Amino acid sequence: MGPPGAGKGTQARFVAEHFKIPAISTGDIFRANVSKNTPLGQEAKRYMDAGEYVPDEVTNLMVRDRIDEPDAEPGFLLDGYPRTLAQVEELDGMIRFTGHALDAVVSIAVDDEDLVQRLLQRAQLEGRADDTEEVIRRRQEIYAEQTAPLIDVYRERGILIEVDGRGEVHEVTQRIFDALDVVPES
Ligand code: ADP
């Protein structure tokens, strides 16, 4: 977990590689559907371009299908999900059914001004439609309103790992691996 631009996607790939499990990014799945212009992509695009969350029913179904894929059977890492309390409950239900359990929730903290700068830079490199200053600020607001409260939920469950997201990518990876108590592969 972490606000937009915290580095979730980047770090998710390292963690998933280490554990040899798929990194499942709801944002990436939505973007792939948008570029293929599928019905799901058409639905999601309206929300994403405005910096709003895609409705829970749509997102939940998509995640349910994805974690049913055979490659997720040994385990999986979710990037960008759950983002609302309703998604937390839905995920609890899904994994109860598949026999999985949540081992850890990693929260990456970076302050808002640094984030806007990182995202504007990413906009120049990747050209994502939702990386304009106005939409970035909206995404931050929604994160603070709807997603930040989930940090307390997982803290109370005793599975929250909080990591400082400032500094170089490899420094953040090292902090995450230290907290998860694993040794990075070079
Ligand atoms: P970021 O965290 O940098 O904003 P993501 O790639 O994770 O980027 O998500 C991009 C967009 O995809 C979000 O702003 C939202 O519109 C949509 N999205 C991704 N995950 C979810 C989710 N779990 N629930 C609702 N909408 C989501």
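This chain uses plain numbering: 1 for the first residue, then up along the sequence. Predicted model, so just to flag it, every value in this text is computed and none were measured. As the structure lists them, so they are numbered: ligands from 1, and atoms in each ligand from 1.
Using a 4.0 Å cut-off between heavy atoms, Tyr53 contacts ligand 1 through both its backbone and its side chain. Of all the heavy atoms of Thr59, the ones lying under 4.0 Å from any atom of ligand 1 belong exclusively to the side chain. At a heavy-atom cutoff of 4.0 Å, ligand 1 is contacted by no atom of Lys45, backbone or side chain.
For atom 8 (O) of ligand 1, the closest heavy atom belonging to the protein is Arg128 NH2, 3.2 Å. In this structure, atom 11 (C) of ligand 1 lies nearest to the protein heavy atom Met48 CE, 3.9 Å. For atom 26 (N) of ligand 1, the nearest non-hydrogen atom of the protein is Val54 N, 3.0 Å. Atom 27 (C) of ligand 1 has Phe30 CE1, 3.7 Å as its closest protein atom, hydrogens excluded (heavy atom only).
Counting non-hydrogen atoms of neighbouring residues, nucleotides and ligands closer than 6.0 angstrom, the CD atom of Gln121 reaches no more than 12 such neighbours.
Among the atoms of Arg31, some N or O lies under 3.5 angstrom from an N or O of ligand 1. Between Asp130 and ligand 1, not a single N/O pair is under 3.5 Å apart. Ligand 1 has an N or O atom lying under 3.5 Å from an N or O atom of Arg83, backbone or side chain. Looking at Gly80 next to ligand 1, an N or O pair under 3.5 Å apart turns up.
Met62 does not count as a contact of ligand 1, since none of its heavy atoms falls under 4.0 Å from the ligand.
Ion pairing between Arg31 and Asp28 holds under the 4.0 Å rule for side-chain N and carboxylate O. Using a 4.0 Å cut-off between charged side-chain N and carboxylate O, Glu43 and Arg46 make a salt bridge. Ion pairing between a basic and an acidic side chain is recognised when a charged N comes within 4.0 Å of a carboxylate O; Glu133 and Arg137 show such pairing. The pair Glu69-Arg66 fails the salt-bridge criterion, with no side-chain N (NZ, NE, NH1 or NH2) lying under 4.0 Å from an Asp/Glu carboxylate O. For Asp131 and Arg139, the salt-bridge test passes: some basic side-chain N is under 4.0 Å from an acidic carboxylate O.
Below 4.0 Å from some heavy atom of Thr26 lie the following atoms of ligand 1, by number and element: 19 (C), 20 (N), 21 (C), 23 (N). The ligand atoms of ligand 1 that sit less than 4.0 angstrom from a heavy atom of Glu52 are 15 (C), 16 (O). Heavy-atom contacts of Arg122 reach the following atoms of ligand 1: 3 (O) (cutoff under 4.0 Å). Close approach of ligand 1 to Gly5 is summarised as follows: ligand atoms under 4.0 Å from at least one heavy atom of the residue are 3 (O). Residue Gln87 has at least one heavy-atom neighbour below 4.0 Å for each of these atoms of ligand 1: 22 (C), 23 (N), 24 (N), 25 (C). Atoms of ligand 1 found under 4.0 Å from any heavy atom of Lys8 (numbered from 1 in listed order, with element): 2 (O).
Between atom CD of residue Glu17 and atom CG of residue Leu77 there is a gap of 12.0 Å, rounded to the nearest 0.5 Å.
Closest approach of Ile108 to Gln11, counting heavy atoms only: CD1-CG, 4.0 Å.
The closest side-chain heavy-atom distance from Leu91 to Leu102 is below 4.5 Å.
Between the side chains of Thr59 and Tyr53, no donor-acceptor pair is found at a separation under 3.5 Å. A donor-acceptor contact closer than 3.5 angstrom is absent between the side chains of Gln87 and Asn60.
By heavy-atom distance, the residue among Arg139, Arg138, Arg46 lying nearest atom 1 (P) of ligand 1 is Arg139.
Residues Leu180 and Phe76 do not share a hydrophobic cluster, defined by chaining ILVMFWY side chains whose heavy atoms lie under 4.5 Å apart.
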